[in-house]
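What follows is one structure encoded as structure tokens, with my remarks underneath.
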Amino acid sequence: MPTVTIDNQAFAAEVDETILQVAARNGVWIPTLCYHAALEPYASCRLCMVEIDRGGWWQMVTACNYPVRRDVTVRVESERAIRARRGVMRLLLARAPESPELRALASRLGVTQTDFPTVTEAEGNCILCGLCVRACEERIGTAAISLTGRGVERKVSAPFGEPSEECILCGSCAAVCPVGTIRLEVHGDEWELVPFGKKGPAQRCAACGAVLTAELVREALARRGPAAVQGILAGEELCARCKRKKLVGQLLAAGGSGAPSAPSER
Ligand code: SF4
């Protein structure tokens, strides 16, 4: 079992675990944007750069896709690694200067502004991490969206910029978008996938028939990953209120003294 030493702390690792996985499992924060546990690592944003010891010289690698196969010494908080991550963040900020999510992450990294020319045409603050495209293709098996164009014209879009017939409105792309550019919005009985314009009947709670909110879908997907998609599309998902009722029922049935009181029915 290899040992990963991160900033002088030694952690046991499984063979082929990534540095990022070992760090996360042990409470060491390494920033990421294009990483999602449910998808294959892609290392496109470069925000997870760290240094590793290569027998006396230190090499910059991306933690999300660096597999641990033998003992490795890692520097996350070295001056060079911090400077590299801040440089990447300044580039990302130039791409999506108005994104609250990105600004919050930048602030955590000590970056408050960018000195690169701002790409004002950037559509909806997309940082082109590609998570949405990979979620659709890798997990849903539906290439309903893709990265198109080059340079500043590069963007994520549906074929011909029209709402895709392939899209099943599962919400996976919205759930993995780290900057909130893709959103599942609820309009009455209808869901709309913004900004792709795909609309369709909203999925409903299996118990009470209430329309499932975008927040609920996002939370279900974040917690259970793409596995939640099947249940949502099959109409097996519960709304937040019915979930609480079910939980309270289970606690009471189990005879749990100390069970929380039932939520008020409003
Ligand atoms: S909502 Fe549509 S575009 Fe998004 S992941 Fe699902 S099928 Fe793909």
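Because the structure is predicted, anything quoted here is derived from the model rather than measured. Note that ligands are numbered from 1 as they come in the structure, with each ligand's atoms numbered from 1 the same way.
Cluster annotation: Y35 and L105 are assigned to distinct hydrophobic clusters (Ile/Leu/Val/Met/Phe/Trp/Tyr, side-chain heavy-atom contacts under 4.5 Å, transitive). Linking ILVMFWY side-chain heavy atoms closer than 4.5 Å, directly or via other members, places L233 and V211 in a single hydrophobic cluster.
For atom 6 (Fe) of ligand 1, the closest heavy atom belonging to the protein is C170 SG, 2.3 Å. Distance from atom 7 (S) of ligand 1 to its nearest protein heavy atom, with residue and atom name: I168 N, 3.4 Å. Here the protein heavy atom with the shortest distance to atom 2 (Fe) of ligand 1 is C167 SG, 2.3 Å.
At a cut-off of 2.8 Å, C136 is counted among the residues with an N, O or S atom near atom 8 (Fe) of ligand 1.
Relative to the six-membered ring of W58, R75 meets both conditions, a distance below 6.0 Å and an angle of at most 45° to the axis.
Taking every heavy atom of C173 and a limit of under 4.0 angstrom, the matching atoms of ligand 1 come to 1 (S), 3 (S), 4 (Fe), 5 (S).
The two atoms that bring V156 and C126 nearest to each other are CG2-SG, 4.2 Å, heavy atoms only. I127 and P178 make their closest contact through CD1-CG, 4.3 Å (heavy atoms, listed as atom of the first residue, atom of the second, distance). The two residues A94 and F116 have their closest heavy-atom pair at CB-CB, 3.8 Å.
Only the side chain of L193 comes within contact range of ligand 1, with a heavy atom under 4.0 Å; no backbone atom does.
Heavy atoms of G171 approach ligand 1 to within less than 4.0 angstrom.
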